[in-house]
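Beneath this line is the structure, given in structure tokens, with notes to follow.
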Amino acid sequence: MISILGAGAFGTALAVAFARNGTPVSLWARDAVAAKTMQDTRQNTRLPNVNLPETVSVTADFASAIADVVLLAVPMQKLRGLLETHPELSGHTLVACCKGVELGTQLGPVAVIRDVLPDATPGILTGPSFASDIARGLPTALTLAIADDTAGKALQKNLTSPNIRIYRTADTVGAELGGALKNVIAIACGIAIGAGFGDSARAALMTRGYAEMQRMARALGAQPETLSGLSGFGDLTLTCSSEQSRNYRFGLSLGRGEDFDPSVTVEGAATARAADARAKSMDIDMPITAAVVAVLDGGLQIRDAMEMLLARPPKEE
Ligand SMILES: NC(=O)C1=CN([C@@H]2O[C@H](COP(=O)(O)OP(=O)(O)OC[C@H]3O[C@@H](n4cnc5c(N)ncnc54)[C@H](O)[C@@H]3O)[C@@H](O)[C@H]2O)C=CC1
Ligand SMILES: O=C(CO)COP(=O)(O)O
């Protein structure tokens, strides 16, 4: 059995995919009413038009939901709280499925797991994949990053299904950074398109955003090839170019001067602030991330942000 903690769009999509593969899945929702509704209706409003296979059991009873392998599908800023509330997760293989950098500590999900539960075996499942694509059984390739080789190989086999191909790496730092930082660049790209700057501007932001991601990854000891893989370049490409992405759509709304539903999970907003603070403390040049933070905090108009990026001193590429 696989347990998935967090019954949002992504946790539910993964549950559907693994159950289809023949693996029984226990999907834990913190809210008992929501869990019962999902269990009865076999649907989740966060993932419309998808039916839960019978082998997915939805529960709010934490103890009964826990298996040896636990996937953590809660938003990044909620991860520490979840782990601290459940020290019984210590000793398990804990695979983060969230993308982001924690405010305050500036740690990624694997580092947060290590920090709170040092006796767990931590990993991260990341890469280009929209929940609805996974749930519909469309072809997807993901990165599983886990330092423990034996656990990694077993898990890679366990989680692979006919439509989900999983690549493995031991570079957890690179994998968690790629997945986190691409959301910040996706917000920047959404802003650019929403403000009418055009596709060429978006391509420039994606490329120079990727350069920022690589700079931070290098400074934190990640392997460059991880950033050029699915968890970095792959997810950057997807998220910056599809309106299925909530981060990109949030940016679009900002660029158009429209409101955005605050209940929608937009990981890149908090991550931009955390990454910007880390970059400044380590003297890493990340001008697009800094511009996103300045726009989010209202200190910089979008047009001024673009002018500022264009007016930076000339450089070699
Ligand atoms: N939706 C997608 O296409 C993908 C999402 N992800 C990542 O998955 C993570 C979760 O995103 P989604 O499921 O899409 O968001 P969502 O907004 O659909 O669901 C989040 C779920 O987490 C639950 N939750 C919040 N705080 C909690 C807590 N303290 N304890 C237990 N449950 C809690 C909420 O009740 C909600 O069900 C994010 O980090 C996101 O970047 C990754 C790949 C694809
Ligand atoms: O991470 C994702 C795709 O890989 C989902 O992106 P959003 O959180 O922006 O919707």
Side-chain angles (χ1 to χ4, degrees), residues 1-31 34-35 37-60 65 67 69-76 78-79 82 94-100 109 123-145 155-156 158-167 175 179-180 182-183 186 230-231 234-235 237-239 242-249 263-268:
M1 184 173 91
I2 292 177
S3 52
I4 301 179
L5 307 184
F10 198 44
T12 306
L14 290 172
V16 171
F18 297 139
R20 239 191 238 128
N21 201 22
T23 312
V25 179
S26 185
L27 179 61
W28 176 77
R30 62 181 164 164
D31 182 272
T37 307
M38 280 180 70
Q39 178 68 14
D40 292 348
T41 62
R42 314 305 295 162
Q43 298 245 333
N44 180 349
T45 48
R46 283 188 186 257
L47 192 63
N49 307 318
V50 173
N51 290 320
L52 298 182
E54 273 177 20
T55 42
V56 174
S57 109
V58 191
T59 179
V69 174
V70 179
L71 306 193
L72 306 163
V74 296
M76 179 64 215
K78 308 288 181 179
L79 179 62
L82 175 70
L94 301 181
V95 183
C97 300
C98 43
K99 297 177 179 174
I124 182 165
L125 185 64
T126 183
S129 56
F130 288 125
S132 84
D133 292 350
I134 291 217
R136 285 159 63 209
L138 300 180
T140 317
L142 298 174
T143 299
L144 172 69
L155 210 54
Q156 181 180 29
N158 220 337
L159 300 182
T160 293
S161 63
N163 62 302
I164 302 181
R165 179 168 168 78
I166 295 185
Y167 291 80
K182 64 88 187 173
N183 280 334
L230 292 161
S231 57
D235 215 353
T237 312
L238 179 74
T239 316
S242 168
E243 287 197 31
Q244 278 196 72
S245 160
R246 296 162 297 189
N247 286 282
Y248 178 70
R249 285 204 310 274
S263 71
V264 173
T265 299
V266 178
E267 293 285 33

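We count residues from 1, following the sequence as given.
Using a distance-only test at 3.5 Å, with no hydrogens or angles considered, a donor-acceptor pair links the side chain of K99 to the main chain of G127. For the pair N183 (side chain) and G100 (backbone), a donor-acceptor distance under 3.5 Å is absent. Between the R42 side chain and the V56 main chain, a donor and an acceptor come within less than 3.5 Å of each other. Side-chain N or O atoms of S3 include none that pairs as donor or acceptor with a backbone N or O of S26 at under 3.5 Å. Looking at E267, its side chain never comes within 3.5 Å of a backbone N or O of P75 through a donor-acceptor pair.
Inspection of the N247 and T239 side chains reveals no N or O donor paired with an N or O acceptor under 3.5 Å.
With contacts defined as side-chain heavy-atom distances shorter than 4.5 Å, the pair T143/D235 does not qualify. The shortest distance between side-chain heavy atoms of T55 and T23 does not fall below 4.5 Å. Counting only heavy atoms from C-beta outward, the side chains of L27 and M38 approach each other to under 4.5 Å. At least one side-chain heavy atom of N51 sits less than 4.5 Å from a side-chain heavy atom of Q43. Residues C97 and L14 have side chains in contact (heavy-atom distance under 4.5 Å, counting atoms from C-beta outward). Residues V50 and T12 are not in side-chain contact: their nearest non-hydrogen atoms beyond the backbone lie 4.5 Å or more apart. Residues L144 and L142 are not in side-chain contact: their nearest non-hydrogen atoms beyond the backbone lie 4.5 Å or more apart. Proximity of S129 to F10: side-chain heavy atoms (C-beta onward) are separated by under 4.5 Å at one or more points.
Atom-to-atom distance recorded for L138:CG and I164:CD1 is 10.5 Å, nearest 0.5 angstrom. Once rounded to the nearest 0.5 Å, the distance linking OG1 of T160 with OH of Y167 reads 10.5 Å. Taken to the nearest 0.5 Å, the CG atom of L71 stands 7.5 Å off from the CG atom of L155. In this structure, CD1 on I134 lies 10.0 Å from CZ on R20, to the nearest 0.5 angstrom. The distance from atom CD1 of I4 to atom CH2 of W28, rounded to the nearest 0.5 Å, is 13.5 Å. Expressed to the nearest 0.5 Å, how far CG of L238 lies from OG1 of T140 amounts to 10.0 Å.
Within a 6.0 Å radius of CG in D40, more than 12 heavy atoms belonging to other residues, nucleotides or ligands are found.
A pairwise comparison of heavy atoms in N44 and G8 identifies ND2-O, 3.6 Å as the closest pair. The minimum heavy-atom distance linking S231 with T126 is given by the pair CB-CG2, 3.6 Å. Minimum interatomic distance between S132 and Q244 (heavy atoms only, all atoms of both residues): OG-OE1, 3.3 Å. For the pair A60 and A35, the tightest heavy-atom approach, listed with the atom from each and the gap, is N-CB, 3.8 Å. Shown here for A141 and P128, the closest heavy-atom pair between the two residues is O-CD, 3.7 Å.
Applying the side-chain contact (heavy atoms from CB on, under 4.5 Å) test between P109 and each of I124, L94, V95, L72 identifies I124 as the sole match.
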